[in-house]
Amino acid sequence: MAWLLEILKAAALAVLIFTFLAVVGAMYGVYLERKISGWIQARIGPKHVGPYGLLQTVADTVKLLQKEHITPRRADALIFNTAPLIVAVAALLDWVVIPFGTGFGRVLVVRDINIGVLYFAAMASITVIGILAAGWASNNKYALLGGLRSASQMISYEIPLALGILWVAMIAGTLSTVGIVEAQRGGWFLFKVPPLGLLAAVLFLAAATAEVNRVPFDLPEAESELVAGYFAEYTGMRFALFQLGEYGEMFGMAALASVLFLGGWLEPNLPVWVWAALGVAALATAAYVRFSALRTVYLLRPITALAVLGAVLCGVMILGAVLGRSPVLPSLIWFFAKMFALVFFLMWMRWTYPRLRLDQLLNLSWKVLLPAGLLNLLLTGFLLTVAR
Amino acid sequence: MAVGLTHYLVISTILFCLGLFGVLTRRNAVAILMGIELMLNAGNINLVAFNRYVAPGAVSGQVFALVVITLAACEAAVGLALVMAAYRGLETIHVDEINLMKW
Amino acid sequence: MGELAAFTILSALMLVPAVIVVTSRNIVRSALSLVPTFLGVTGFYIMLHAEYVAGIQVLIYAGAITVLILFVIMLTEGGSGTMVRQVTGQVPLGAMAAIWLAFLILVTLSRTTWPVARGELPSYSVQAIGTAFLTNYVLIFEVTSLVLLISLVGAIVIARREE
Amino acid sequence: MPKVVVDWLYVGVFAAVGIVLTVIPLVVVWLLAPRLSLPQKQLTYESGVIPFGQAWAQFNVRYYLFALIFVVFDVEVIYLYPWAVVFRDLGAFAFYEMLVFLLILFVGLIYAWRKGALEWV
C-alpha cells in the first residue's frame, strides 16, 4: 500500500512541476524574452492579446494545437516523434533536485537525491541524444548538420559545466543540492575563496548558456546559418515541445546556478547600513532618470520602475532588520528573485553579444574553459588542504 | 517474495547472452561494439549485485563497476577509432567484407 | 510485493530494447534503443542502493558512449546503413551458441549456493566510494588515468590520417 | 522503504508523467489538425531548392575527434566527483593523488591540442 501512496504523491508533484514548467518556463519565458528583447531594441513587444500582451503565448500555443504535423518523406517516423519527447522530459527531470525554499517546516524540494548535482548533469547530457535523434530522423541535410554541430557544441560544454559543479561540491563537501544551499549559510559560494568563486561561477554560467544553445552560443540553430538547425523539419506542436524543452532547461540552469553560487533560497544577511546605502542609490537613480533630461527617453522608463522596486525592497529589509525578524522575506521570494535575475541576464546577453563561430566556440570550451576549470579545482584543492 | 541475488544473476545472464548474440550475428562493426557494451553492462549488474548481497559492508563491487565503466568507455573510443580508420581505408565497416590482412 | 513488481518492470524496460538493439534492421534505431537499456540497468543499480554508480551510468553510458556511437554511425554509414542487410549468414548458429551459453550459466547458477549476507544491509554513499578510491584502491586510481591517456592518444592516432 | 529507492521512484514517476503530459498535446493535434499529405508538402525544406541526393552525406572525422575527447574527459569526471566530496577529510595526500591523476590527463589534452585534434577547420 505504501508504494501506491508514494507513486500518487509523486504523480501529483510531477503534474504540478510540469504545469509550472510549461506555464512559467515555456509560455512566460517566451513572453518575457519577447518583452525584454523589445525593450532592449526600444520597441514594445507583444501587447495586444490580453493585458500587457500577457496572453500572447497562450494564443500562440492554442494556434499551434491546430497546426498540421508534417513528417518529411522517408523520415524515420518513430524517432522523428520521440526526439521532442526526450528533450522535453529531460528538461522536466532536471527539476526533481532543485530546492525552491523552506515552507511548512521542511525544504520545498521534490526529492533531495543524495547525488543531486550529478543527477542534474546526467539529465543535461540526455538532451544531446534527443537533439541527435531529431537531426537524424528528419532526413534533411541541414537538420542533420545542425544536429551534429549542436550535439558537438553541447558535449564540448558539458565538461566545463561538470567542472563548475565539482568546484561547488568541493567547497560544500556534498553532492545534494539542499546540502549545498545549507553550506552557503555562512556566505554565498560566489564570494568564497574570493577570485576562484567568481571564476567558477563565470565558468558555470558560460557552460550553462552553451548547454541551452542560447546566444552567443546558438550557432547550430542560427537563422543565418542552418535554417533553424535540427528542428528545421518540425512543425506545429512538436516544435513547441522543443521550445518547452529549451526554455525548461534554461530555467533549470538558472535555478541551479542560483542554488550553487547565490545561495538558493537563503536571504543575503547584509548589515543594515548596506541596505540603507543600496536603497538611497536606487532612489537616486530613479529620481535622476525621472527628472533629468533622460525622462523623454522611452527606453529608460522601465529603469525607474525597477529602481523604485529596489528601493522598496531595501526599505523592507531595513524594517525587518530593525524589528529583528531573521528571515525578513519568505524564502520562495528570494529563490524566484535570483532565478529570474539570472534568466534576465541570459536574455539580456542574447541582444548584446555577437554569435560565436563554431571553431571559436569549440576553442573557447576546450582551450580556455577546460584548462581554467581544472586549474581552478587544483588551486582550490591546494588552498583547502595543503595551505591550511 | 523479495528480490534475491538469483534474480539479478538471471537477468544479467539474459542480457549477456543477448549481447553475445548481437556480437556473433551482426554485420556492422558498430553493432558489434553495441553488443559488447551490453555484455559489459551485464557484468556490471553482477558486480553490483554481489557487492550488495554477498559483501554489503565493502564498496569494492561498486568501485570495480566504476572501473569497468571507464574501461568500457575507453574500449568504445578505441574500437570506434578503428571503425573510422577502416571506413576511411576500405569504404566499408561490414565485418564480413573486411577480410584483407593488410589494406 | 512492490519490489518484485518494480523488478519485473525494470527488467522489461531493459530487455525489450536490448532485443531491439540486437535484432533491429535500422542501425540508428538499434543505437537509440541502447538508451532505454542503459536506463533499465540504472534502475537495477538503484534497487541495489548503488546510487553513485547509477548516476555515473546515466552520465557516461546514456550520455557519452551512446553519443559517440551515434556520431560514428552518422559519420560512416550515412544513408546506406538502413537499407543494407545487417546480419551475417550465421544467425541460427549464433542464436544456438548464445542460448547454449545461457543454459550453461543458469545451470551453474542454480547449483552454487551463494554466501548471501544476513541482516540489515547498509546503504552506500559517495563518500565511501571516494575514500575507497583514494585510500585502498590508489593504484587502480592512478593506472586508470594512464589507461585513459593511452586510449585517448591511441584513438587520435588511429582516427586521424596524417595528411 | 529506503530513501534511495523512494528518491529514484519519484524520478521514474516524473519521467512517466512527463512522457504522458507531452504526448497529450500531440494527441490533441492528431485529433484537431488537418491531415493532408501532399507530396510537395513532404519534401524536406532546403530553403526553396528542390532537395536532391542523399540527406545523409558523410562528414569530416573532426566530429568524431571531439566526441572522443569528450568521452575521455567525461570518464575522468567519474573520479573527480568522489574526490571532490571527500578530499577535505582525507587531508593532503588525497590532493597529491588527484594532482598526479589530473596531470596525466592534462598531458592527453596537450597532446590532442598540439596534434590538431581540437582544430575545427
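The chains referred to below are lettered A, B, ... by the order of the sequence lines, with proteins before strands, and numbering in each begins at 1.
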Using every non-hydrogen atom in the two residues, find where V91(C) and T25(B) come nearest and quote the distance to one decimal.
CA-CG2, 3.7 Å
Could you measure the distance from the OH atom of Y45(C) to the CG atom of L47(B)? Nearest 0.5 Å is fine.
8.0 Å
The interface call for S110(C) against chain B, heavy-atom contacts under 4.5 Å, is neither
Below 4.5 Å from any heavy atom of chain C, which atoms of F16(B) appear? Answer side chain, backbone, both or neither.
side chain
Counting only heavy atoms closer than 4.5 Å, note whether I45(B) contacts chain C via side chain, backbone, both or neither.
both
Check for a donor-acceptor pair, side chain of R52(B) on one end and backbone N or O of H49(C) on the other, with a separation under 3.5 Å.
no
Does any part of the side chain of L4(C), heavy atoms only, come nearer than 4.5 Å to the side chain of H7(B), both counted from C-beta?
yes
Contact between V72(C) and M84(B) at the side-chain level, heavy atoms closer than 4.5 Å - yes or no?
yes
Distance-only donor-acceptor pairs under 3.5 Å for side chains of residues 51-67 of chain C, two or more places apart:
residue: E51(C); atom: OE1; partner: N114(A); partner atom: ND2; Å: 2.9
residue: E51(C); atom: OE2; partner: W8(D); partner atom: NE1; Å: 2.9
residue: Y52(C); atom: OH; partner: I78(D); partner atom: O; Å: 2.5
residue: Q57(C); atom: NE2; partner: F38(C); partner atom: O; Å: 3.3
residue: T66(C); atom: OG1; partner: Y61(C); partner atom: O; Å: 2.7

CG of L148(C) to SG of C74(B), rounded to nearest 0.5 Å, is 4.5 Å
A97(C) versus L24(B), closest heavy-atom pair with distance:
CB-CD1, 3.9 Å
Which of the residues G19(B), A42(B), S12(B), A73(B) is involved in the greatest number of heavy-atom pairs with chain C at under 4.5 angstrom?
A73(B)
For a quick test of your reading: what N or O donor-acceptor pairs under 3.5 Å do the side chains of residues 128-143 of chain C make, sequence neighbours left out?
residue: T131(C); atom: OG1; partner: Q127(C); partner atom: O; Å: 2.4
residue: T135(C); atom: OG1; partner: T131(C); partner atom: O; Å: 2.3

So which part of A6(C) gets closer than 4.5 Å to some heavy atom of chain B, the side chain, the backbone, both or neither?
neither
Pick from A49(B), G79(B), C17(B): which one has the most heavy-atom pairs with chain C under 4.5 Å?
C17(B)
Between A72(B) and chain C, which part of the residue has a heavy atom less than 4.5 Å away: side chain, backbone, both or neither?
both
Heavy-atom cut-off 4.5 Å, strictly under: side chain, backbone, both or neither for S60(B) against chain C?
both
Residue part contacting chain B, namely of L109(C), when any heavy atom lies under 4.5 Å:
side chain
If you round to the nearest 0.5 Å, how far is CD1 of I73(C) from CG of L33(B)?
10.0 Å
Considering all heavy atoms, the nearest I158(C)-A81(B) contact
CG2-O, 3.5 Å
Region of L38(B) that comes under 4.5 Å of a non-hydrogen atom in chain C:
side chain
Quick one: CE on M34(B) to OG on S24(C), what's the gap to the nearest 0.5 Å?
8.5 Å
Please report the shortest heavy-atom distance between S30(C) and R26(B), naming the atom on each side.
OG-NH2, 3.8 Å
Heavy atoms only, distances under 4.5 angstrom: which of V83(B), I69(B), V23(B), I14(B) has the most pairs with chain C? Name it, please.
I69(B)
Less than 4.5 Å to any heavy atom of chain C: does that hold for the side chain of L5(B), its backbone, both, or neither?
side chain
Would you call V147(C) and T70(B) a side-chain contact if the rule is heavy atoms closer than 4.5 Å?
no
Given the options V10(B), L66(B), L20(B), which has more heavy-atom pairs under 4.5 Å with chain C than any of the others?
L66(B)
Any heavy-atom pair between the side chains of T13(B) and L106(C) that's under 4.5 Å?
yes
Give the minimum heavy-atom separation between F21(B) and G94(C), together with the two atoms involved.
CD1-C, 3.9 Å
Greatest number of heavy atom pairs closer than 4.5 Å to chain C - which of N44(B), N51(B), N41(B), V67(B):
N41(B)
Full working for side-chain contact (heavy atoms from CB on, under 4.5 Å) between L9(B) and I105(C):
CA-CA 9 Å; L9(B) 298 183; I105(C) 295 177; over 6 Å; no
Is V54(B) close to chain C through its backbone or its side chain, or both, or neither, when contacts mean heavy atoms under 4.5 Å?
both
Side-chain heavy atoms of F44(C) within contact of V48(B), under 4.5 Å
no
For L68(C), is it the side chain, the backbone, both, or neither that has a heavy atom closer than 4.5 Å to a heavy atom of chain B?
both
Side chains of Y53(B) and L48(C): does their closest heavy-atom pair fall under 4.5 Å?
yes
To the closest 0.5 Å, what do you measure between OG (S151(C)) and CG (L71(B))?
9.0 Å
Between M14(C) and chain B, with a heavy-atom cut-off of 4.5 Å, which part of the residue counts as in contact: side chain, backbone, both or neither?
side chain
